[in-house]
Amino acid sequence: MKPAQKSFYPLQWGLLLLGVFFGVLTMIVFQSVAIGFATLVIFIVAGMTWRRDMPPILPFCLAFQWISAVAGTVFFRVYGYFPGGGDTTGLELMIWMSSLGFLALGVGVRVGFSTFAKSFYKLLARPAPEIDPKRLFMLILGLYLVSFIFEIAPTAIWFGGAQIIYNLLDFRFVFLIMLGLVAISNPSAKKYLWMAALIVILVQLLTGFSRFKEVFFAILLIAIFQWRPWVGSKYQKSLNAKIVMLGVPGAAFILGCGLLWTGGLKMAWRDVTWASGASQSPIEILAQFSSVLGKAVANFELGHAIDELVQRLASGSMYFSYVLRNVPEITPFESGALLYRAIVNATVPRFLFPEKTNLGGDSWLVRKYTGLNVSGDESGTSVGLGYMPEFFIDYGVLGILILSFAYAFLLIVLMRILAASSKDKFIFIGMSYSLLSAFFMTFDASFAKILAGAMQRTIIFSALAVIFYPTIFAWLTKAKKQ
C-alpha cells in the first residue's frame with residue numbers, strides 16, 4: 001500500500017523549526033531582516049524537497065544556489081565591502097526577491113512530485129539492483145580511459161552537434177553515481193568507488209575547469225543519503241553519528257579545495273592545460289599537476305582566496321541588485337522577450353537547423369540591464385546575469401514567482417521522462433543527478449542555455465537508457481545471477 005504523502009518528506013517540519021531558530025539568529029547577528037528571512041526560506045525549501053527515497057540532490061542544488069545569492073551580502077555585512085566592488089544599496093532587495101524565487105522553486109518541485117507521485121514511487125520503491133561493483137568499475141574505467149588516449153573536442157568534431165557529444169561524454173558520470181549507490185549496501189564496492197572517483201577527477205582536471213568538484217559533491221550526497229534521523233533504530237542512530245563525523249570534515253575538505261582552486265591553482269593550472277594544446281598528451285599534462293599544486297599551496301593566501309571564492313559565487317547577486325534598480329525605471333520590462341528567446345533556442349535543434357543563431361556569451365545581458373560595462377565576447381569572456389533576473393526583466397515580481405515555479409515543475413517533468421526510460425532506480429538517480437547538477441545549481445546561469453541544455457540532456461540520456469542500458473544492465477548483473 002502506498003504510504004501517506006507526508007512520509008515522503010520526513011524532514012520538512014524539523015527543518016522548518018530549525019529555520020525559524022536560525023532565521024532569528026542570523027537576523028540578529030547580521031542585523032538584517034532580509035538575511036534572516038532568506039535563512040528561514042532555505043530551511044523551508046530544503047524540507048519541502050528532501051525525499052526519503054532518493055539522495056538529497058534537489059535540496060543540495062537549491063542550497064548551492066542560495067549560497068550564491070546570499071554569500072556576497074553576508075560578506076559585506078561582516079567585512080564592510082563587497083568582493084569585486086559594486087554599489088551595495090540594492091543587496092537587501094535582491095535578497096528578498098531571490099528568497100521569493102527560491103520559495104517558488106520549492107513549491108514547483110513539490111507540485112511536480114505530487115503530480116507524478118505514483119510513477120516516482122513505483123520506481124523508487126523497487127529493490128536495489130544487484131550490480132557487480134567490479135564490472136561497474138571496469139565499465140567506468142573503459143569509458144574514461146578514452147579521454148586519456150584521445151583529446152576529444154566536440155566543437156571540432158561536429159559543431160552543429162557539439163552538445164550531443166558533450167552529453168554522450170557526460171553520461172559516463174551516471175555510472176559513477178551508480179557505483180556510489182552500490183557501495184551503500186556492498187562494502188566491497190567502496191574500494192572501486194574511490195578508484196573510479198580518482199580516475200574521473202583526473203579526467204575532469206584536463207578540462208581546466210572545476211568540474212572535478214562534481215565528484216566530491218556526488219560522494220557527499222551519497223553519504224548524506226544514508227543519514228536518516230527519522231529512523232529510530234540503534235543501528236541507524238550509530239550510522240547517523242558516523243556520517244556526521246565524516247561529513248563535517250568532508251565538507252570542510254571540499255571548501256578547502258574550493259579556496260585553493262580560486263585562490264591561485266585555477267589560473268596556474270589553466271596556463272598548463274590550455275596553453276599545451278595538442279603538443280602534449282593528456283598523461284603529459286597531468287604529470288605537471290603535482291608541481292603546479294605545490295606552487296599554489298606555497299603561494300596560498302587565505303584572505304585572497306576567500307575574496308576570490310565569494311566574488312565568483314556572488315557576482316550574479318550583485319548584477320541582480322542592479323537589475324532591480326534599473327528595471328523598469330531606466331530599462332522597461334521586456335514582456336516575455338527573454339522567455340521567448342529561451343523557448344526558441346530550446347526547441348530548434350542546431351543539428352537540424354545549422355543556420356540557427358549562436359547565443360554567444362551572456363555579457364550583453366549584464367551590460368544592457370545593469371548598465372555595467374563588463375567584459376564580453378570581444379575578449380573571449382562571458383559574464384552571466386542569472387535566470388531569476390531574467391524572469392524579473394520579463395515580468396517583474398510575478399515573473400520571478402510564476403516562471404521559477406514553472407521551471408522547477410518542468411525539471412520534475414524531465415525527471416519523470418528519465419524515470420520512464422529507467423530500467424532500475426540506480427540509473428534514474430544517476431541521470432537525475434547529472435541533469436540537476438548541470439542545470440539547477442547555478443544562480444547566474446542564462447535561462448536560454450539551461451532550458452535548452454536540460455531538455456537536450458533529458459532526450460539524449462533517455463535514448464541511451466532505453467537503447468543501450470538494458471544490455472549494459474544484463475552484463476553488470478550477470479555475475480550476481482550466476
Side-chain angles (χ1 to χ4, degrees), residues 51-57 60 124 126-145 147-148 170-205 211-229 231 233-257 286 422-434 436-437 469 472-482:
R51 292 177 62 101
R52 68 163 62 237
D53 51 4
M54 65 183 298
I57 306 167
F60 177 80
L124 294 170
R126 293 179 189 173
E130 295 188 9
I131 292 175
D132 185 335
K134 183 177 181 180
R135 290 195 173 199
L136 185 52
F137 169 73
M138 291 169 59
L139 175 64
I140 296 170
L141 178 63
L143 291 173
Y144 277 95
L145 275 179
S147 295
F148 287 112
D170 286 341
F171 192 77
R172 300 177 297 181
F173 196 81
V174 171
F175 295 111
L176 180 68
I177 301 294
M178 292 178 61
L179 183 55
L181 295 171
V182 171
I184 291 178
S185 58
N186 186 346
S188 67
K190 292 180 180 179
K191 61 183 178 183
Y192 295 114
L193 175 61
W194 292 118
M195 289 189 292
L198 177 60
I199 292 168
V200 177
I201 289 172
L202 292 176
V203 170
Q204 302 290 32
L205 280 173
R211 293 192 62 185
F212 60 86
K213 67 180 183 294
E214 295 176 8
V215 178
F216 298 139
F217 290 159
I219 292 175
L220 181 64
L221 281 174
I222 290 168
I224 295 175
F225 182 38
Q226 303 171 74
W227 179 74
R228 295 165 184 167
V231 177
S233 67
K234 185 176 180 180
Y235 169 77
Q236 186 62 52
K237 288 180 179 179
S238 174
L239 181 60
N240 291 343
K242 291 179 181 179
I243 291 170
V244 171
M245 287 189 293
L246 293 174
V248 171
F253 171 77
I254 294 173
L255 176 60
C257 289
L286 286 173
S422 297
K423 186 174 180 62
D424 62 79
K425 63 181 179 182
F426 281 6
I427 185 74
F428 165 69
I429 292 173
M431 292 192 296
S432 296
Y433 175 86
S434 181
L436 296 170
S437 64
Y469 183 67
I472 296 173
F473 179 82
W475 179 73
L476 290 175
T477 57
K478 184 178 181 180
K480 289 289 183 178
K481 292 176 181 177
Q482 292 174 344

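Quantities reported herein were computed from a predicted structural model and do not represent experimental measurements. Here, residue 1 is the first one in the sequence, and each next residue gets the next number.
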Exercise. When you look at Phe216 and Leu220, which way does the side chain to side chain contact (heavy atoms under 4.5 Å, CB included) test go after all the steps?
Worked result: CA-CA 6 Å; Phe216 298 139; Leu220 181 64; over 6 Å; no
Exercise. Any side-chain heavy atom of Leu143 sitting closer than 4.5 Å to one from Phe171?
Worked result: no
Exercise. In Å and rounded to the nearest 0.5 Å, what is the CG to CG distance from Leu141 to Leu136?
Worked result: 11.5 Å
Exercise. Aromatic rings Tyr469 and Phe473: how do their planes relate, parallel, tilted or perpendicular, breaks at 30° and 60°?
Worked result: tilted
For this session: Go through the steps to decide whether Leu181 and Ile184 satisfy the test side chain to side chain contact (heavy atoms under 4.5 Å, CB included), and finish with yes or no.
Result: CA-CA 5 Å; Leu181 295 171; Ile184 291 178; 4.1 Å; yes
Seminar exercise, completed: Shortest non-hydrogen pair, Val215 vs Ala197, comes out as CG1-CB, 3.7 Å
Problem set entry | Spacing of Phe212 atom CZ and Leu198 atom CG [to the nearest 0.5 Å] | 13.0 Å
Exercise. Looking only at heavy atoms, which two atoms of Ile131 and Met178 are closest? And how far apart?
Worked result: CD1-CE, 3.6 Å
Exercise. Can you tell me if Gln236 uses its side chain to pair, donor with acceptor, with the backbone of Gln226 under 3.5 Å?
Worked result: yes
Problem set entry | From OH (Tyr144) to CG (Leu139), nearest 0.5 Å | 10.5 Å
For this session: Might you point out which heavy atoms bring Leu176 and Ala196 nearest each other, and give the distance in Å?
Result: CD1-CB, 3.7 Å
Exercise. What residues, two or more places apart in sequence or in another chain, satisfy salt bridge (Lys or Arg N to Asp or Glu O under 4.0 Å) together with Arg211?
Worked result: Asp170, Glu214
For this session: Could you tell me if the ring centre of Tyr433 sits under 6.0 Å from that of Phe217?
Result: no
Exercise. Of the non-hydrogen atoms in Lys191 and Ser188, which two are nearest, and what is the gap between them?
Worked result: CG-O, 3.4 Å
Exercise. Passes side chain to side chain contact (heavy atoms under 4.5 Å, CB included), Phe137 versus Ile199? Steps please.
Worked result: CA-CA 10 Å; Phe137 169 73; Ile199 292 168; 4.0 Å; yes
Problem set entry | Lys423 backbone acceptor or donor facing Arg126 side chain under 3.5 Å | yes
Problem set entry | Nearest atoms (heavy-atom pairs only) where Ala189 meets Ala183 | CB-CA, 3.7 Å
Problem set entry | Residue pair Phe60, Ile224: steps toward the side chain to side chain contact (heavy atoms under 4.5 Å, CB included) verdict | CA-CA 10 Å; Phe60 177 80; Ile224 295 175; 6.0 Å; no
Exercise. If you round to the nearest 0.5 Å, how far is CD1 of Ile140 from CZ of Phe173?
Worked result: 9.5 Å
Problem set entry | Heavy-atom closest pair, residues Ile243 and Trp227 | CD1-N, 3.4 Å
Exercise. Between the side chain of Asp424 and the main-chain N/O of Ile427, is any donor-acceptor distance below 3.5 Å?
Worked result: yes
For this session: Could you check if a side-chain atom of Leu124 sits within less than 4.5 angstrom of a side-chain atom of Phe428, using non-hydrogen atoms only?
Result: yes
For this session: Return yes when atom NZ of Lys213 has more than 12 non-hydrogen atoms of other residues, nucleotides or ligands closer than 6.0 Å, and no otherwise.
Result: yes
Problem set entry | Interatomic spacing from CD1 in Ile57 to CD1 in Ile429 - rounded to 0.5 Å | 6.5 Å
Exercise. Roughly how far apart are Met138 CE and Leu145 CG, rounded to 0.5 Å?
Worked result: 11.5 Å
Problem set entry | Within-4.5 Å side-chain heavy-atom neighbours: Tyr192 and Val182 | no
Exercise. Any donor-acceptor pair under 3.5 Å linking the side chain of Asn240 with the backbone of Arg228?
Worked result: yes
Exercise. Are any of the side-chain nitrogens in Asp132 or Lys134 under 4.0 Å away from the carboxylate oxygens of its partner?
Worked result: no
Exercise. Would a 4.5 Å heavy-atom cut-off, applied to side chains only, mark Phe253 and Cys257 as touching?
Worked result: yes
